[in-house]
Amino acid sequence: MTGVLLRRLRDLAIILVIVGTMMFFVIRLIPGDPAQAILGPTARPADVAALRTSLGLDGSLWQQYLSWAGHVLRGDFGTSITYHRPVLDVVAAHIVPTLTLAVLSTVISFGLSVAITAWQAVSPRNLVARALDRLSSLGMAMPDFWISLVLVLVFSVTLRWFPSSGYHDLLTDPVAAVPALVLPVTVLVVGQTALFVLTLRESVLGELPLAYLRTARVKGLPERRVMLKHVLPNALMPLVTQLGSNFAMLVGGIVIIESIFVVPGLGHLLMGAVSTRDFPLIQGVTLFVAVLFVVVNLLVDLSYALLDPKVRVA
């Protein structure tokens with residue numbers, strides 16, 4: 001475990017350097033001047049030049065990069081051009097909605113995928129299980145934005161069961177939060193459950209020919225017990241890997257969902273930062289997502305020790 005932690009810390013440092021450097025230079029390719037965007041097209045050149053100096057944009061790219069990297073090493077990610085607040089404070093204010101969507105949808109999808117796969121393994125000829133298998137393939141093919149629009153049209157516009165937009169904190173106001181979360185979480189659950197079911201099913205099929213299952217059957221264990229006690233636990237390893245990487249991508253990549261349902265999360269924040277050329281905020285959000293990706297993968301590696309005794313021995 002110590003070796004895993006050290007390797008992940010090394011990976012974290014390397015990823016942060018690469019992501020931070022790439023994003024710093026890539027976002028400078030966005031057309032337009034942040035100072036001009038803030039002051040407007042009628043601003044005087046002298047005012048624009050003064051604002052560029054105050055924002056640290058008047059030096060060469062390498063000077064700006066070295067200055068930014070030095071501040072980051074001290075824990076200072078700069079001040080948001082749009083919000084006029086420290087970048088870390090802005091990210092912290094927008095991370096809760098994104099984590100709420102990601103955690104809820106991932107937990108629900110994981111539970112559904114395990115239940116569906118277990119049902120298919122125990123009753124492979126059942127009509128409902130076979131129908132769920134077909135629906136899993138269909139769920140992978142449907143884009144999130146299309147599912148979002150259909151759900152809004154049916155359940156918000158026509159039936160008026162759930163609000164079409166808005167967000168309330170789940171801990172402070174659960175009564176208002178739950179109805180607002182139903183549609184965006186459902187959209188994420190559809191795609192994730194389909195992916196998890198296909199991943200777990202392939203893993204189960206890979207376990208079936210192994211010798212230890214033949215031994216279990218020779219001992220007289222019922223097929224249901226063989227599937228639920230031996231096959232599924234051993235088949236969870238690829239799903240855990242998929243779950244970890246998918247969760248990290250959710251946090252940094254649910255821009256469309258947050259935009260459609262007007263959820264003030266990281267994706268919505270990043271889109272606004274790009275449109276306003278808020279360089280410090282773009283860099284802060286991308287670095288946060290990179291850190292989260294490495295941390296989630298570290299937790300996945302540690303979870304292997306709980307699922308696979310061979311890892312604990314190693």
Side-chain angles (χ1 to χ4, degrees), residues 5 7-30 34 55-56 64-107 167 169-171 184-185 188 192 241 243-259 261-302:
L5 289 173
R7 286 196 300 271
R8 287 304 181 188
L9 290 175
R10 178 202 62 195
D11 293 344
L12 176 60
I14 295 173
I15 289 173
L16 288 181
V17 171
I18 294 175
V19 171
T21 302
M22 289 182 61
M23 286 306 303
F24 182 89
F25 290 103
V26 167
I27 62 177
R28 263 61 182 184
L29 299 177
I30 300 175
L55 295 175
Q64 295 178 41
Y65 173 74
L66 293 176
S67 174
W68 171 77
H71 283 85
V72 168
L73 290 176
R74 296 193 296 269
D76 178 13
F77 289 84
T79 301
S80 169
I81 297 174
T82 306
Y83 294 89
H84 307 290
R85 293 165 53 197
V87 167
L88 288 181
D89 292 349
V90 177
V91 171
H94 288 77
I95 186 58
V96 173
T98 297
L99 285 180
T100 300
L101 292 178
V103 170
L104 286 177
S105 62
T106 300
V107 170
Y167 173 81
D169 187 76
L170 188 59
L171 297 179
V185 169
L188 296 173
Q192 286 190 98
T241 303
L243 186 147
S245 60
N246 195 72
F247 179 83
M249 288 188 291
L250 268 184
V251 173
I254 52 177
V255 179
I256 295 177
I257 305 301
E258 291 182 350
S259 299
F261 294 101
V262 195
V263 177
L266 282 184
H268 195 266
L269 176 68
L270 185 59
M271 288 294 292
V274 171
S275 63
T276 57
R277 303 172 186 84
D278 194 337
F279 293 165
L281 188 54
I282 297 173
Q283 293 161 181
V285 172
T286 52
L287 283 177
F288 175 82
V289 173
V291 171
L292 182 66
F293 190 87
V294 175
V295 170
V296 169
N297 279 278
L298 172 60
L299 295 177
V300 168
D301 288 344
L302 295 178

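Just so we're clear, the structure is a prediction, and the values are computed from it rather than from any experiment.
- Taking R10 as the reference, R7, I14 meet the side-chain contact (heavy atoms from CB on, under 4.5 Å) condition, with sequence neighbours excluded.
- Evaluation of the ring pair (Phe, Tyr, Trp, His ring centres under 6.0 Å) rule for F24 yields Y65, W68 as partners, not counting sequence neighbours.
- With sequence neighbours excluded, the residues that form a side-chain contact (heavy atoms from CB on, under 4.5 Å) with L104 are T100, L170, L181, V185.
- No side-chain heavy atom of T79 sits less than 4.5 Å from a side-chain heavy atom of F77.
- Rounded to the nearest 0.5 angstrom, L281 CG and L270 CG are separated by 7.5 Å.
- Not a single side chain to side chain donor-acceptor pair (under 3.5 Å) links S259 to another residue, sequence neighbours left out.
- S80 approaches V90 most closely through the heavy-atom pair CB-CG2, 4.2 Å.
- With a 4.5 Å cut-off on side-chain heavy atoms, F261 and L101 do not count as touching.
- Residues satisfying the side chain to side chain donor-acceptor pair (under 3.5 Å) criterion with E258, sequence neighbours excluded, are T98.
- With values rounded to the nearest 0.5 angstrom, L99 atom CG is found 7.5 Å from L266 atom CG.
- Applying the side chain to side chain donor-acceptor pair (under 3.5 Å) rule to S67 yields no partners; only residues at least two apart in sequence or on another chain are considered.
- When all heavy atoms of L88 and G75 are compared, the pair lying nearest together is CD1-O, 4.0 Å.
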For this session: Start with the C-alpha distance between I257 and V263, add both sets of side-chain angles, then the distance that settles side chain to side chain contact (heavy atoms under 4.5 Å, CB included), and finish with yes or no.
Result: CA-CA 8 Å; I257 305 301; V263 177; 6.0 Å; no
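- Partners of V103 under the side-chain contact (heavy atoms from CB on, under 4.5 Å) rule, at least two apart in sequence or in another chain, are V107, F247.
- The side chain to side chain donor-acceptor pair (under 3.5 Å) search around D89 returns none, not counting sequence neighbours.
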Identify every side-chain donor-acceptor pair in residues 285-296 under 3.5 Å, counting partners at least two apart or on other chains, and give the distances.
{"unit_1": "T286", "atom_1": "OG1", "unit_2": "I282", "atom_2": "O", "d": "3.0"}
{"unit_1": "T286", "atom_1": "OG1", "unit_2": "Q283", "atom_2": "O", "d": "2.9"}

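- Across P264 and P97, no two heavy atoms sit closer than the pair O-CG, 3.5 Å.
- Annotation: side-chain hydrogen bond (donor to acceptor under 3.5 Å, both in side chains) contacts involving residues 261-273, sequence neighbours excluded, are absent.
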